[in-house]
Q: 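One structure is given below, represented as structure tokens, and several questions about it will come after.
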Amino acid sequence: MEVKVRYAPSPTGLQHIGGVRTALFNYFFAKSQGGKFILRVEDTDQERYSDESLQDLYDTLEWLNIKWDEGPVVGGPNGPYIQSERFDLYQKYAKQLVEDGHAYYCYCSSERLDEVRKQQQESKSSYQGYDRHCRNLSPEEIAEKEKEGIKPVIRLKVPTEGKTTFHDVLMGDITRKNKDISPDPILLKSDGFPTYHLANVIDDHLMGITHIMRAQEWIPSGPLHILLYKAFGWEPPVYCHLPMVMGKDGKKLSKRHGSTSVRDFREKGYLPEALMNYVTLVGWSFDSEREFFSQEELEKLFDITKISKSPGIFDYKKLDWFNGQYIRMMSDEDLGKALLPYLQKAGYVDGEFIGDKKAKFEELVVAVKPRLKVLSDIVGLAYFLFTTPEVAPAEMFVAKKMDLKSSYEALVKDYEIIKSNLDNGKSFEDAEADITQMAKDIGVKVNGVFTPLRVALTSTTVSLPMSDTYNLLGKEESYRRIEAALKMLEKEVQ
RNA sequence: GGUCCCUUCGUCUAACGGUUAGGACGAAAGAUUCUCAGUCUUUAAAUAGGGGUUCGAUUCCCCUAGGGACUACCA
């Protein structure tokens, strides 16, 4: 039988790392089995739905290069794939459940429900949940409620005796006493939309889903879904509950841990390949050695039995490392293309680099490549080049074991050496060698004579190597900055 | 509170009864070096605790402890 899995997010927010991890596992499992990956939009929550979220879902999957075999936009034999477009279907099945005696109409107001809940909490009752008030309403009572114009919900009649078991590929059998299952959960809301429980069971069945891979937070409602399959007389699919993705404190990953939306990561300059590779490794591993995988490899190698059971903490630092590795694997040309939008956004450039500027940009890319963790790091690294920073405060020119006076004198000598080398047709690299020698001659650490130069040229204490900096800036601008620094320091020294 | 799930270095994980418990990130140290990176080398770092089963337990079973999830007309 062909494997068919689905990713079924609800468009109520930006795509989250945890959600995307679920999508990836489903996708890789389907591909590795020669099966199909279906996308289904669960937009049954009218309150929280947003168009932006739906668009973000599409953008995210496109960015990650995850294509669905059936779903919105592409269509398929079991459509529509957007639940709000399947509205009538849920009505039909919910009513059938009522007719068959597996479900019932409930007319309780949300005020009454709130009150019941409040009392249960205050009395610390061991029983939590709906009190099944409407479970055994007489036809007369129902008729009366209908006359009052109350829009009912439909609730599932959960058995109060016995127990329900479902099998999970990773966890084994999970059993729950029926009395512990959520008491008569709502299947169809009063606005006529289904809840997750109803919609997912109907759609998974109708769409021929063979394996459900979803986060472990769904485990408690597993038995409930089995009850639903039984009520419909359908065969449940295979379950595989995925370990959750947590933040550093061991709690469900959320915004207070840092970025959680894929869009955030994308904007900061994480590469889709790196994010995909790392995210796949949270809760899954191939063997004891290998951890770099391309998408194509994962599509072949992914093995559902190697998914771990315990939750994994999302390690931002390891993601950074992966991203740096992937950046270093890029060609200079591709990296340049990827970097350009960040320079544009920073207002450093408008349009493309052409002619001389293109050559300079290529130099910049090469210099910056080993230093980038995320693409947006280019902004800080190239600041000195695309803006004219103010001359730095005097203290910044002073390296360890140096003082203001000796730093000033060092810069004077630096400048003399640079000028004399360049005037004699030598390169800046030659000048660097002479500066190094000069430091030795005067018995100062090499760092002590380069720091004033660095700060003069970049106004920062951390920068690209001096030869790159000089070459990028050009002779004229470099001289101008050195002279400006000298002028300022001269005053300070007096 | 109730129910269910989980438990190997700080983190992600490997070892499907027999290993000096392996790798990676991070950390620390060193080398390279004009700063920062990068690269290379090295070091520290774990089987939650207690009982069993077994010739032998990280691995199987039980208990305890800790953590997490769920407990909505949200998914």
Side-chain angles (χ1 to χ4, degrees), chain A residues 8-10 12-13 42-45 47-48 106 108-110 113-114 117 120-121 124-130 151-155 168 170-171 174-177 179-183 185-191 193-197 199-200 214-223 241 243-244 246 248 250-252 278 281-292 305-306 308-315 317-322 324 328 368-373 377 381 399 432 435-436 439 445-451 453-455 458 460-467 469:
Chain A
S10 65
T12 55
E42 307 216 331
D43 60 343
T44 58
D45 186 340
E47 309 259 310
R48 297 195 303 153
C106 166
C108 293
S109 65
S110 41
L113 263 20
D114 286 345
R117 201 169 11 245
Q120 285 169 349
Q121 279 168 2
K124 296 197 169 137
S125 163
S126 63
Y127 184 91
Q128 297 276 330
Y130 182 53
K151 286 233 184 277
V153 301
I154 291 178
R155 289 182 181 272
D168 183 278
L170 267 17
M171 241 51 93
I174 295 173
T175 302
R176 226 175 149 181
K177 293 192 192 81
K179 71 174 175 65
D180 293 328
I181 293 177
S182 170
I186 291 172
L187 263 21
L188 203 71
K189 303 182 239 181
S190 55
D191 63 2
F193 277 90
T195 58
Y196 170 81
H197 304 297
N200 107 5
R214 59 172 20 164
Q216 278 174 5
E217 60 187 323
W218 291 106
I219 287 180
S221 45
H241 286 93
M244 309 256 304
M246 311 300 228
K248 261 232 156 349
K251 300 246 182 9
K252 220 166 142 178
Y278 174 65
L281 256 22
V282 180
W284 183 82
S285 67
F286 180 67
D287 63 14
S288 61
E289 298 295 319
R290 187 162 172 203
E291 55 181 2
F292 275 87
T305 65
K306 289 180 172 174
S308 60
K309 292 183 184 180
S310 44
I313 291 173
F314 189 81
D315 186 344
K317 289 209 171 138
K318 185 140 188 184
L319 204 218
D320 282 347
W321 177 78
F322 262 108
R328 259 147 252 138
V368 110
K369 194 173 184 179
R371 278 163 249 266
L372 295 171
K373 280 209 293 268
D377 286 343
L381 252 18
E432 282 182 321
I435 290 172
T436 304
K445 286 221 178 213
V446 180
N447 185 25
V449 299
F450 273 102
T451 294
L453 182 59
R454 179 184 321 287
V455 175
T458 68
T460 60
T461 214
V462 176
S463 79
L464 298 178
M466 291 326 296
S467 59
T469 303

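In what follows, chains are A, B, ... by sequence order, proteins preceding strands, each numbered from 1.
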Q: Under the rule for ring pair (Phe, Tyr, Trp, His ring centres under 6.0 Å), what residues qualify as partners of A:Tyr130, not counting sequence neighbours?
A: none

Q: Can you name the side chain to side chain contact (heavy atoms under 4.5 Å, CB included) partners of A:Leu281, sequence neighbours left out?
A: A:Asn277, A:Trp284, A:Glu291, A:Phe293, A:Phe322

Q: What is the separation between atom CD on A:Glu291 and atom P on B:rC12, rounded to the nearest whole Å?
A: 14 Å

Q: Can you sort out the partners of A:Asp45 under salt bridge (Lys or Arg N to Asp or Glu O under 4.0 Å), two or more places apart, ordered by chain and number?
A: A:Arg48

Q: What residues form a side-chain hydrogen bond (donor to acceptor under 3.5 Å, both in side chains) with A:Asn447, not counting sequence neighbours?
A: A:Thr451

Q: Sort me out a list of protein N/O and nucleotides 71-75 of chain B N/O pairs below 3.5 Å, or just none if empty.
A:
| from | atom 1 | to | atom 2 | distance (Å) |
| --- | --- | --- | --- | --- |
| B:rC73 | O2 | A:Ser190 | N | 2.8 |
| B:rC73 | O2 | A:Ser190 | OG | 2.8 |
| B:rC73 | N3 | A:Ser190 | OG | 2.9 |
| B:rC73 | N4 | A:Cys108 | O | 3.4 |
| B:rC74 | OP2 | A:Lys189 | NZ | 3.1 |
| B:rC74 | O2' | A:Asp45 | OD2 | 2.8 |
| B:rC74 | O2' | A:Arg48 | NH2 | 2.6 |
| B:rC74 | O2 | A:Arg48 | NH2 | 3.3 |
| B:rA75 | OP1 | A:Thr44 | OG1 | 2.8 |
| B:rA75 | OP1 | A:Lys189 | NZ | 2.7 |
| B:rA75 | OP2 | A:Tyr196 | N | 3.2 |
| B:rA75 | O3' | A:Glu42 | OE1 | 2.9 |
| B:rA75 | O2' | A:Ser10 | OG | 3.4 |

Q: How would you summarise protein contacts on nucleotides 28-47 of chain B per nucleotide, using B for base, S for sugar-phosphate only and - for none, with heavy-atom distances below 4.0 Å?
A: ------BBBBSS--------

Q: Between B:rA48 and B:rC34, how far apart are the two C1' atoms, rounded to whole Å?
A: 50 Å

Q: Grab the NZ-P distance between A:Lys248 and B:rU11 for me, whole Å please.
A: 8 Å

Q: Applying side chain to side chain contact (heavy atoms under 4.5 Å, CB included), can you list everything that pairs with A:Pro243, at least two apart in sequence or on another chain?
A: A:Arg21, A:Gln216, A:Ile307, A:Ser308

Q: In chain order, what residues pass the side-chain hydrogen bond (donor to acceptor under 3.5 Å, both in side chains) check against A:Lys252, with sequence neighbours excluded?
A: A:Glu217

Q: Could you list the residues that satisfy side-chain hydrogen bond (donor to acceptor under 3.5 Å, both in side chains) with A:Lys189, not counting sequence neighbours?
A: none

Q: Can you tell me the distance, in whole Å, between the CZ atom of A:Phe314 and the P atom of B:rC25?
A: 17 Å

Q: What string of B, S and - do you get for nucleotides 4-9 of chain B 5' to 3' if you count protein non-hydrogen atoms under 4.0 Å?
A: SSSS--

Q: What integer number of Å spans the C1' atoms of B:rG18 and B:rU58?
A: 12 Å

Q: Between P on B:rG26 and CG on A:Asp315, what's the gap in Å once rounded to a whole number?
A: 9 Å

Q: So, using side-chain hydrogen bond (donor to acceptor under 3.5 Å, both in side chains) as the criterion, who are the partners of A:Ser463 when residues are at least two apart?
A: A:Arg454

Q: Which residues pass the side chain to side chain contact (heavy atoms under 4.5 Å, CB included) test with A:Asp114, not counting sequence neighbours?
A: A:Arg117

